[in-house]
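First up is the structure itself, then whatever we jot down about it.
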Amino acid sequence: MPEPRLTATHWGNYLVGPAPDGGIAVRPADSDPAPSPIGRSLAAARDPGVRIARPAVRRGYLRDRDRAGRGREPFVEVGWDEALDLAAAALRGTIAAHGNRAIYGGSYGWASAGRFHHAPGQLHRFLGLAGGYTASVDTYSFAAAEVVVPHIIGLNAYYAGKQAPTTAEVAEHCRCLVLFGGAPSRNTQVNPGGLGAHDDRGHLAELGAAGVEIVHVGPIRDDVDAAVGARWLPCRPNADVPVLLALVHTVLAEGLQDDDFLARYTTGFDEFARYVRGADGVPKTPEWAAELSGVPAAEIRALARRLAAGRSLIGLSYAVQRARHGEQPYWAAWALAAALGYIGLPGGGVQMGSGVGKGTTLQRRVPPFPIGTVPQGPNPVPDTVPVSRITELLERPGQRYRYNGADHVYPEIDLVYWAGGNPFHHHQDLNRLRRAWTRPGTVIVNEHSWTATARHADIVFPVTTALEREDFAGSSSDHWLTPMHPVFEPYGAARDDHAVFAALAERLGFGAAFTAGRSTAEWVEHTWETTRSDAAAAGIELPAYRDFRAGPPLDLRPQLPEREHDLERFRADPERHPLRTPSGRIEIYSRAVAAGGDLLGHPAWYPDREWLGDPRAERFPLHLLSNQPATRLHSQLDNGPTSRDAKIADREALRLHPADAAARGLRAGDLVRVFNDRGAFLAGVVVSDALLPGVAQIATGAWFDPDDELGLERHGNPNAVTPDIGTSPLAQGPSPNSCLVQVEKFAGEPPPVRSFEPPEFGSR
């Protein structure tokens with residue numbers, strides 16, 4: 001029996017090999033003290049029920065380029081040459097008839113942790129050399145923050161999130177940590193680009209043990225683990241902003257603000273303060289916030305006083321900005337932190353993305369050099385579209401839309417090429433997306449499994465997984481570099497993405513430019529040696545590729561210097577180290593945002609279209625929250641045992657408060673229909689008092705499984721009902737957590753889930 005071989009994933013490092021029973025044996029790497037259970041699902045990586053064995057073309061497309069049958073027609077398996085010739089002809093035809101801006105190179109998703117075999121990078125290199133493509137900007141995870149945070153502090157939001165205080169700093173200096181939206185430990189399982197060791201899973205409990213008071217403001221109690229000992233202030237979904245504004249109101253009313261900090265380091269706070277005090281006729285008092293949020297006014301006042309009494313840290317989950325006007329909680333949090341005056345001090349300020357990835361333990365020691373990737377080159381097409389506006393892009397060619405203070409026009413898309421992602425997981429209102437998805441002339445997908453995206457394609461190329469190719473993993477927010485070894489031969493006729501694009505590039509006349517004369521193995525080594533060279537320039541020594549490949553994961557901590565954060569330099573000397581905002585200061589009032597005309601120039605409360613304070617809650621009285629799963633990464637390995645063992649009657653679990661379950665005659669284990677005007681899905685009931693009454697919660701990532709006859713989604717995918725509407729014209733981010741539904745017991749024989757079965761195949 002061959003020895004297991006090391007590989008890396010976004011959820012950790014594992015040793016993988018053939019099992020004695022013919023299956024796949026998986027063991028966490030020895031360096032990981034608390035491995036993620038998601039790794040167990042790697043045992044399903046070659047599941048014949050989901051793996052794509054050979055190139056396939058939808059029958060209607062093969063016959064006459066029909067587009068209406070996407071997602072509904074059988075596929076025909078064809079040879080590689082025929083499939084590649086079809087795809088090359090489609091690309092050539094779109095470019096000739098409509099130009100390169102008619103190609104959408106979406107490819108959004110986490111893809112492989114490998115640096116070279118990163119499918120989106122491979123696709124974008126290929127399409128750039130083909131003359132360009134319409135690209136996406138921002139992410140589903142963090143879009144509202146990605147746009148608004150640079151207006152506030154002049155920093156990229158992800159970069160700023162990595163500058164949070166470390167656990168040790170918070171334990172030593174911070175008296176109160178308040179978490180808006182919680183900090184669920186399930187999110188610390190994963191990290192983009194890999195996670196060498198789960199060594200910070202209990203950092204919040206460490207803070208509690210050190211005497212830091214931890215307060216959790218949110219609708220779900222166990223979004224902070226019980227071991228942390230946090231005090232829960234139940235808050236209605238999407239009512240964080242009223243609480244934040246009321247905290248500022250109390251600070252101002254009681255003279256607790258740091259006037260010296262506001263004068264030296266911020267601009268526009270006076271304009272914001274007038275709004276908070278009621279310039280619009282509505283003072284943002286704790287009583288006002290209590291009516292909207294359900295958090296008692298006395299609790300808000302007491303919390304404001306505690307925050308002002310000693311150094312404090314304001315934590316924000318990603319989830320609080322995935323809702324209508326999701327820009328506002330982040331802006332309001334920075335305004336509150338500015339009023340308190342702790343920004344730029346150890347253990348104080350704002351922590352963006354609480355409980356995400358590496359948590360708050362490693363921001364001082366991260367690689368000070370870029371980690372190599374496949375070079376993408378320039379994109380000759382300037383058109384970009386916010387990633388969560390895909391449906392509108394397909395529905396509204398030639399129409400104008402607002403984004404970040406400017407007018408843009410949706411190009412007309414004739415061809416969609418997707419690799420390394422799954423829009424039928426990430427996107428909202430999937431029934432609307434299915435309708436829009438029929439508009440392009442051709443949809444091409446590189447996939448290893450029969451996801452809903454592959455099932456809604458015209459041409460499907462089977463590609464390898466990370467277990468079937470050589471690569472290495474590394475992340476700008478982790479301190480490990482890990483060799484990735486091929487464990488198995490490619491499944492069926494699968495090829496790696498680079499080989500697919502090299503064959504297409506050869507047919508389109510730029511094969512040599514795409515490959516640069518290197519084989520795949522030579523590219524991987526070249527990518528490592530580029531990393532090694534950049535590391536050496538930063539004073540970090542890495543081994544030659546042959547030695548790295550033969551050894552264990554590299555822990556870079558002994559070589560990594562502790563870095564000083566941008567906001568610390570700014571606080572020490574704002575004249576020498578100004579922020580990259582127009583004023584050089586923290587902009588509590590942004591003239592750029594105000595000039596856009598879409599929002600006020602400061603943090604503000606905009607009532608949501610779908611929340612428990614809206615009249616439509618009379619029809620749909622439950623606020624549905626769809627968070628990240630604990631049993632998989634987004635939709636990856638939903639077919640694996642870790643994910644499937646957590647399902648109820650093969651469906652995703654939906655949590656309800658006991659009062660909401662009793663009012664509907666429901667018990668744990670019942671199958672229910674969750675619905676609103678956009679659609680419906682089936683789920684299995686879990687009853688829990690960890691939720692506020694009126695709140696329902698389900699994880700995202702169940703593979704989309706629509707049943708057109710019954711008019712519902714069978715598997716428990718919440719994006720069958722979530723709204724596809726931008727956070728605001730500023731960021732145009734996704735708003736899945738602005739969603740009202742009704743729940744009822746499902747009557748009759750439940751339809752079988754078909755997600756983990758191959759699609760129908762037919763003849764020509």
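Please read these numbers as outputs of a predicted model, since none were measured by experiment.
Note: Ile459 CD1 to Tyr417 OH = 8.5 Å, rounded to the nearest 0.5 Å.
Looking only at atom types and distance, the side chain of His427 has a donor-acceptor partner in the side chain of Tyr140 under 3.5 Å away. Inspection of the Thr520 and His498 side chains reveals no N or O donor paired with an N or O acceptor under 3.5 Å. There is no side-chain donor-acceptor pair under 3.5 Å between Tyr14 and Asp32. Under 3.5 Å, the side chains of His485 and Glu470 contain no donor-acceptor pair of N or O atoms. Residues Trp480 and Thr482 have side chains that never bring a donor and an acceptor to within less than 3.5 angstrom of each other. If you check the side chains of Asn422 and Thr453, you find a donor sitting under 3.5 Å from an acceptor. A donor-acceptor pair shorter than 3.5 Å can be found between the side chains of Asn191 and Ser477. Between the side chains of Arg364 and Thr166, not a single donor N or O lies within less than 3.5 Å of an accepting N or O.
With salt bridges taken as basic N to acidic carboxylate O contacts below 4.0 Å, none links Arg714 and Glu757. For Arg632 and Glu652, the salt-bridge test passes: some basic side-chain N is under 4.0 Å from an acidic carboxylate O. With salt bridges taken as basic N to acidic carboxylate O contacts below 4.0 Å, one links Lys647 and Asp638. Comment: Arg754 does not engage Asp650 in a salt bridge, judged by the lack of any side-chain N to carboxylate O separation of less than 4.0 angstrom. Salt bridge present: Arg507 and Asp81 bring a charged side-chain N and a carboxylate O closer than 4.0 Å. Salt bridge absent: Arg549 and Glu525 never bring a charged side-chain N and a carboxylate O closer than 4.0 Å. Taking the charged nitrogens against the carboxylate oxygens, Glu73 and Arg58 do have a contact shorter than 4.0 Å, which makes a salt bridge.
Residues Phe761 and Pro759 have side chains in contact (heavy-atom distance under 4.5 Å, counting atoms from C-beta outward). Pro368 has its side chain within reach of Leu560: a pair of non-hydrogen atoms, C-beta onward, lies under 4.5 Å apart. Side-chain contact check for Pro423 versus His456: every heavy-atom pair is 4.5 Å or farther apart. For the pair Phe681 and Asp705, the minimum side-chain heavy-atom distance is 4.5 Å or more.
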>> Between Tyr158 and Ser476, is the side-chain hydrogen bond (donor to acceptor under 3.5 Å, both in side chains) condition met? List the steps.
In response: CA-CA 11 Å; Tyr158 282 107; Ser476 62; over 6 Å; no
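Side chain of Trp450 to main chain of Gly49: no donor-acceptor pair is present (N/O by atom type, distance under 3.5 Å, no hydrogens or angles).
For His10 and Trp110, the distance between ring centers is under 6.0 angstrom.
For Tyr133, the ring-ring contact (aromatic ring centres under 6.0 Å, His included) criterion is met by His124, not counting sequence neighbours.
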Show me the side-chain donor-acceptor pairs of residues 533-544 shorter than 3.5 Å, one per line, residues at least two apart or across chains.
none

